[in-house]
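Structure first, commentary second.
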Amino acid sequence: MPALLAAGLRRWLLLSVAVPVGAAVARRVARGIEARRGPTSVTRGLTRAADAAQRRGRRGRSGR
């Protein structure tokens, strides 16, 4: 079935699922590390990456 889908549709489906899931995973990992070891450059980077992914997702839905 995936072979029958157009490349653009496949890409859209992948990104519409992968970006939000990746942002949630990055945020959860950052919170877990912060709970054990406190804020570090790694946790700040993971949080920034999750924030950027969420901003990108919201901007993409608005059409801009």
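These figures come from a predicted structure and were not determined experimentally.
- Residues Ala50 and Ala23 approach most closely at CB-O, 3.5 Å, considering heavy atoms.
- Counting only residues at least two apart or in different chains, salt bridge (Lys or Arg N to Asp or Glu O under 4.0 Å) contacts with residues 14-26 are absent.
- Listed by chain and number, the residues in a side-chain contact (heavy atoms from CB on, under 4.5 Å) with Leu15 are Arg11, Val19 (sequence neighbours excluded).
- A continuous path of hydrophobic side-chain contacts links Leu46 to Val25 [ILVMFWY only; heavy atoms under 4.5 Å].
- Using modelled atom types, one side-chain atom of Ser16 and one backbone atom of Trp12 make a donor-acceptor pair closer than 3.5 Å.
- Thr47 and Ala30 get closest at one heavy-atom pair: OG1-CB, 3.7 Å.
- Counting only residues at least two apart or in different chains, salt bridge (Lys or Arg N to Asp or Glu O under 4.0 Å) contacts with residues 18-34 comprise Arg27-Asp51.
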